[in-house]
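Both ligands and their constituent atoms are indexed starting at 1 by order of listing. Owing to the predicted nature of the structure, the values given are computational and were not obtained by experimental measurement.
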Amino acid sequence: MIRAQEGRSIRVETGADVLEPFLSDAAHVPGGFAAGIAFPKNAAEAAPLIASARRVLPIGAQSSLTGGATPRGDIIIGTRALTEMTRLPAGRVRVGAGVPLAELQRVLASDGLWYPPVPTFDGAFVGGTIATNAAGPATFKYGSARRWVDALTVVLANGSIVDLRRGEITASPDGWLALEFAGTAARIPVPTYVMPDVAKLSAGYFARPGMDLIDLFIGSEGTLGFITGATLRTVPLPRRCVALVTCESDAQAVRLTAALRHLDVSAVEFMDARALALVPDDIFTRTSVARPPGGAVFLLAQIEATGDGDAVVQELDDVLTACGVEADPHVALPGDDRGAARLFALREGVPSSLNALIAATKARLQQDIEKVAGDVIVPFERLEESLALYRSTFERHGLEYAIWGHVSDGNVHPNVVPRSLEDVHRGRTAILEIARGVMAMGGAPLAEHGVGRSALKQQMLRDLYGDRGIEEMRAVKRALDPEWKLAAGVLFPP
Ligand SMILES: Cc1cc2nc3c(=O)[nH]c(=O)nc-3n(C[C@H](O)[C@H](O)[C@H](O)COP(=O)(O)OP(=O)(O)OC[C@H]3O[C@@H](n4cnc5c(N)ncnc54)[C@H](O)[C@@H]3O)c2cc1C
């Protein structure tokens with residue numbers, strides 16, 4: 001349904017002190033600058049601003065790891081005032097784009113409900129996670145954001161407000177999506193590339209014959225419209241055991257993950273020995289976990305349980321014995337939220353420790369030093385082979401590195417640990433080689449973080465779909481945003 005613009009004006013702040021906190025995202029790419037910032041309280045306030053602006057960048061919590069939420073001269077349109085939350089029948093919820101996921105989960109939990117596709121960083125906002133088709137640990141069982149979005153309200157580049165409901169507008173047999181707005185009809189050509197068949201993907205526009213229009217906006221990273229609200233599906237809050245297991249090698253960790261995937265597992269997270277070596281002693285002490293012997297790998301499994309978890313502990317024990325795991329696991333039983341939080345804190349300690357190390361190296365040596373990391377996914381059967389590829393590629397380039405991630409999906413983050421600017425340059429070459437290796441295995445180099453304004457990730461998108469694929473995406477963009485107003489430079493150059 002299309003609504004008319006309602007023309008309420010909204011204040012655009014331009015003061016340097018107001019803009020300063022919004023000039024960077026979690027990718028920490030330097031040099032962000034903005035023409036102004038506004039925080040609409042609803043779609044009607046956002047519409048006239050977007051209609052009249054020359055360039056607009058929607059932002060959520062700016063936890064993007066791709067530079068996609070770093071402004072480059074745009075007017076920033078922030079979502080933090082879009083905080084509606086309304087319970088709907090059948091476990092659904094209507095949520096404003098600016099609701100942080102942690103807040104959504106808190107409110108849902110009081111009704112015994114849960115929203116599954118939450119990234120490891122739960123401070124991200126609902127709109128940002130839909131815009132990036134975010135995924136997270138529980139994607140193995142529950143899929144990424146796309147599967148949980150029933151409806152969206154979106155402000156288009158010309159200021160039209162569109163309410164999209166899943167199932168209402170689908171592509172014609174000859175490959176067009178039709179959307180009427182502002183007295184005209186946009187005909188949007190459905191791209192013809194074939195998306196890799198992997199558990200999660202955040203690699204430009206969704207495209208499939210007969211696709212639903214709503215799926216075009218999910219994962220479009222702010223380039224096709226400003227999402228102001230969404231109707232989400234939820235599930236009853238599951239009871240779960242959280243188990244931290246020490247494995248002696250990658251091979252054992254992959255064998256164990258394969259076995260765990262046959263239990264009622266929502267997530268298995270992986271931290272390799274190099275990642276664990278980055279974590280300072282005080283984090284181990286705070287989480288009451290002993291540092292494992294050199295070379296050992298951690299798996300952090302979430303296994304859903306009914307009752308008190310005894311049956312799950314028995315199943316886990318059987319699987320560990322079958323896989324030859326000797327060390328006793330740390331287990332937080334259902335209801336032991338503090339025990340679970342301690343184990344999660346160790347997992348979160350891995351990226352935060354690397355970030356702190358990079359910040360220190362940058363301060364000590366050179367401001368241009370930055371994070372270089374992959375967000376790669378392979379079909380699960382290729383996982384062990386892919387880990388060997390990541391290690392051999394980094395080692396061939398003489399790089400320090402660490403690997404962690406959502407291993408139950410075959411999705412990990414191979415990270416360079418840069419010691420110099422030279423490492424950053426060689427790291428980029430290594431990550432591109434890894435990306436191509438992953439594609440040759442039937443996987444994808446853009447699993448969950450998106451593409452953003454990262455030149456490296458835009459190159460990967462081009463490698464994935466070719467020049468023709470990028471041209472097809474640009475045709476979609478032209479149909480909805482002919483003046484290239486929204487998030488220009490995100491996904492592909494303007
Ligand atoms: C420690 C850490 C762990 C992370 N773990 C994960 C993980 O497990 N899985 C995962 O998928 N990601 C992860 N991320 C990346 C990040 O959290 C996700 O990409 C998240 O979805 C971004 O949400 P956000 O609200 O911060 O959006 P932002 O970073 O503000 O924006 C991201 C993109 O979406 C667009 N956008 C934002 N809001 C809107 C809107 N309302 N309408 C249209 N476009 C919009 C922006 O223009 C930008 O292109 C992690 C990040 C950090 C820092």
My understanding is that we take every heavy atom of each candidate and find the minimum distance to [atom]. Doing that for [options], which one comes out nearest?
atom	options	result
atom 5 (N) of ligand 1	Val490, Thr120, Asn133	Thr120
atom 35 (C) of ligand 1	Ala131, Ala61, Pro71, Ala97	Ala131
atom 10 (C) of ligand 1	Gly405, Gly68, Ala135	Ala135

Enumerated ligand 1 atoms positioned under 4.0 Å from heavy atoms of [X]:
X	value
Ala69	28 (P), 29 (O), 30 (O), 31 (O)
Gly222	43 (C), 44 (N)
Thr129	21 (O), 23 (O)
His406	8 (O)
Ala134	11 (O), 21 (O)

Is there a polar contact, in the sense of an N or O pair closer than 3.5 Å, between [X] and ligand 1?
X	value
Gly60	yes
Phe125	yes
Ala124	no
Thr79	no

Would a 4.5 Å heavy-atom cut-off, applied to side chains only, mark [X] and [Y] as touching?
X	Y	value
Leu216	Leu177	yes
Asn133	Glu221	no
Phe217	Leu480	yes

Could you tell me if Arg72 sits above the aromatic ring of Phe33, with its cationic atom closer than 6.0 Å to the ring centre and no more than 45 degrees from the axis?
no

Report yes or no: is the cationic atom of Arg274 (NZ for Lys, CZ for Arg) under 6.0 Å from the centre of the six-membered ring of Tyr401, at an angle within 45° of the ring normal?
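Geometry flag: set, cation within 6.0 Å and 45°.
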
Sub-4.0 Å heavy-atom contact, [X] with ligand 1:
X	result
Asp25	no
Gly225	yes
Lys200	no

Nearest protein heavy atom to [atom], by residue and atom, and its distance?
atom	answer
atom 42 (N) of ligand 1	Ile227 N, 2.9 Å
atom 46 (C) of ligand 1	Pro58 O, 3.1 Å
atom 22 (C) of ligand 1	Ser63 OG, 3.4 Å
atom 29 (O) of ligand 1	Ser64 N, 2.8 Å
atom 21 (O) of ligand 1	Thr132 OG1, 2.8 Å
atom 6 (C) of ligand 1	Pro119 CB, 3.5 Å
atom 3 (C) of ligand 1	Phe121 CB, 3.6 Å
atom 12 (N) of ligand 1	His449 CD2, 3.4 Å

For the pair Phe226 and Ile50, evaluate side-chain contact (heavy atoms from CB on, under 4.5 Å) and give the outcome as yes or no after the intermediate values.
CA-CA 9 Å; Phe226 176 57; Ile50 293 176; 3.6 Å; yes

Verify the neighbour count for atom CD of Glu483: are there more than 12 heavy atoms of other residues, nucleotides or ligands below 6.0 Å?
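At most 12 heavy atoms, drawn from other residues, nucleotides or ligands, come within 6.0 Å of this atom.
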
CZ (Arg54) with more than 12 external heavy atoms under 6.0 Å:
no

Go through the side-chain N and O atoms of Glu370 and His28 and say whether any donor and acceptor fall under 3.5 Å apart.
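Short answer, no.
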
Once rounded to the nearest 0.5 Å, what's the spacing between atom CZ of Arg428 and atom CG of Leu456?
7.0 Å

Quick look: Glu348 vs ligand 1, heavy-atom contacts under 4.0 Å, and the answer is neither

Aromatic contact between Phe39 and Phe22, with the criterion being ring centroids under 6.0 Å apart: yes or no?
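Yes, they do, as the ring centres are separated by less than 6.0 Å.
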
Charged N to carboxylate O under 4.0 angstrom, Glu472 versus Arg474?
no

